[in-house]
J.: 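This is the structure I have questions about; it appears just below.
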Amino acid sequence: MSVLVVGSINTDITTYGEALPRIGETVMGQSYAIELGGKGANQAAAASRLGAKVEFVGRVGADAFGELALARLAEFGVCVRHSTRDPRHATGIAIIGVDTMGQNAITIVPGANMSLDEAGFHEAMPALEGAKVLMLQLEIPIATCLAAARAARERGVMVVLDPAPAPSKPLPGALYPLIDVITPNETETEALLGFLPRTGEEAGRAARELVSRGTRAAIVTLGARGAFVAASKTAGGAEMQALVPPFAVTPISTVAAGDCFNAGLAVALAEGKDLMNAARFASACGALCVTKPGSAASAPRRNEVEELLART
Ligand code: RIB
């Protein structure tokens, strides 16, 4: 079974400390790490850790951070042969602060990620061969996501879109019908639909509304409150809806929790699990991720996920 990720790759510089600084404030931290990040790379690394054969198509700068990031992704077992280096832009970077409650604040400078254009994707098209699921996020140009989703749909490859970070403009209407599962969190839902889902009921309404825009299914995630799934075989209305209960864990850092959720979902779908079981598997992956510090490094291993699922 195989998963293709077309997306971002960053170097994450993460500080850990008592509190996040307020505007104009300087605070002392306790430790820091420089590591692989970027929603695309995190999702690829996490899917590989779960046992999938994974290929990643992305773009780094022709610099030391780019070398390190691709090498690190390859260490996770991800194939990076169709990822490229852009001599005109620096490798994407994320500056992340994490406090003792596990909360974070992130600034991203996308750099070379934003030069992964449609032509770049088309050069990497052979990577779609044999893929069961294509994973997309919103840290590369939207036109590239659209081209990749279109190519995947033409080949019968399932498309999972994590609409993160929350888009500042509406997604192109043509994208929705190309998506099998869209997975917004609360703030991404607000950006897409104009309201913040606070309860399971509101998340359900949001998921149904996304399905009515043309996606085959939608999973609205509510963090520690679970996730709401709605699905339709046609764009007309939801045929199935249900709440996936959360797994209770003590958070260390929520960075990459959405990435692990999406990786779990894609791997489970690629393995042929139905949507509800895939969503439950995904929730377990997201829950385990928050119990560890780090970005790509916080992805859970398959046996940890199976154990959590068996326990609850
Ligand atoms: O989802 C977490 C990721 O968002 C980080 O790794 C950071 O690089 C940003 O892309």
Side-chain angles (χ1 to χ4, degrees), residues 5-16 20 32-49 56-61 63 65-66 68-70 72-73 75-76 78 83 89-99 102-116 135-142 144-145 160-168 182-189 191 219 221 223 251-266 282-283 285-300:
V5 182
V6 177
S8 59
I9 177 165
N10 291 337
T11 295
D12 285 3
I13 301 182
T14 308
T15 61
Y16 296 90
L20 298 169
Y32 76 94
I34 301 179
E35 53 172 345
L36 174 64
K39 296 187 194 304
N42 292 345
Q43 294 183 15
S48 182
R49 259 200 186 159
F56 173 77
V57 172
R59 191 163 282 179
V60 295
D63 49 26
F65 275 163
L68 277 171
L70 285 179
R72 182 77 184 107
L73 192 51
E75 278 169 23
F76 274 92
V78 174
S83 288
H89 295 97
T91 297
I93 195 166
I95 308 296
I96 305 177
V98 178
D99 70 10
Q103 305 174 116
N104 63 64
I106 306 182
T107 301
I108 299 169
V109 181
N113 290 302
M114 278 298 165
S115 74
L116 179 61
M135 300 182 73
L136 298 169
Q137 320 76 33
L138 300 179
E139 289 184 332
I140 59 169
I142 193 70
T144 309
C145 290
V160 173
L161 173 69
D162 174 13
S168 53
I182 190 167
T183 58
N185 66 14
E186 294 110 307
T187 52
E188 292 147 12
T189 301
I219 304 178
T221 61
I252 299 287
S253 162
T254 55
V255 174
D259 299 330
C260 290
F261 181 96
N262 278 275
L265 181 72
S283 291
C285 294
L288 285 166
C289 168
V290 308
T291 64
K292 292 177 197 154
S295 303
S298 63

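We use all heavy atoms of the structure for the numbers below, so side chains are in, but hydrogens, waters and symmetry mates are not. Whatever order the structure lists ligands and atoms in, that order sets their numbers, starting from 1.
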J.: Within the structure provided, determine whether T221 and I219 are in side-chain contact (heavy-atom separation under 4.5 Å).
T.: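 The answer is yes, as the side chains (C-beta and beyond) meet within the 4.5 Å cut-off.
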J.: At what distance, to the nearest 0.5 angstrom, does OG1 of T11 lie from CD1 of I95?
T.: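 Going from the OG1 atom of T11 to the CD1 atom of I95 covers 9.5 Å.
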J.: Between the side chains of S295 and N42, does any donor sit under 3.5 Å from an acceptor?
T.: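 Looking only at side-chain atoms, N42 and S295 do not form any donor-acceptor pair under 3.5 Å.
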J.: Applying a heavy-atom distance cut-off of 4.0 Å, which protein residues contact ligand 1?
T.: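 The 4.0 Å shell around ligand 1 contains N10, D12, G37, G38, K39, N42, A94, I108, E139, A256, D259, S295.
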J.: What distance separates S253 OG from D99 CG, expressed to the nearest 0.5 Å?
T.: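 If I round to the nearest 0.5 Å, the distance is 9.5 Å.
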J.: Tell me, do K39 and P165 make a side-chain contact under 4.5 Å, heavy atoms counted?
T.: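 When only atoms from C-beta onward are counted, P165 and K39 do touch, with a gap below 4.5 Å.
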J.: Run the salt bridge (charged side-chain N to carboxylate O under 4.0 Å, His left out) test against E188 and tell me which residues pass, sequence neighbours left out.
T.: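 Salt bridge (charged side-chain N to carboxylate O under 4.0 Å, His left out) list for E188, sorted by chain: empty.
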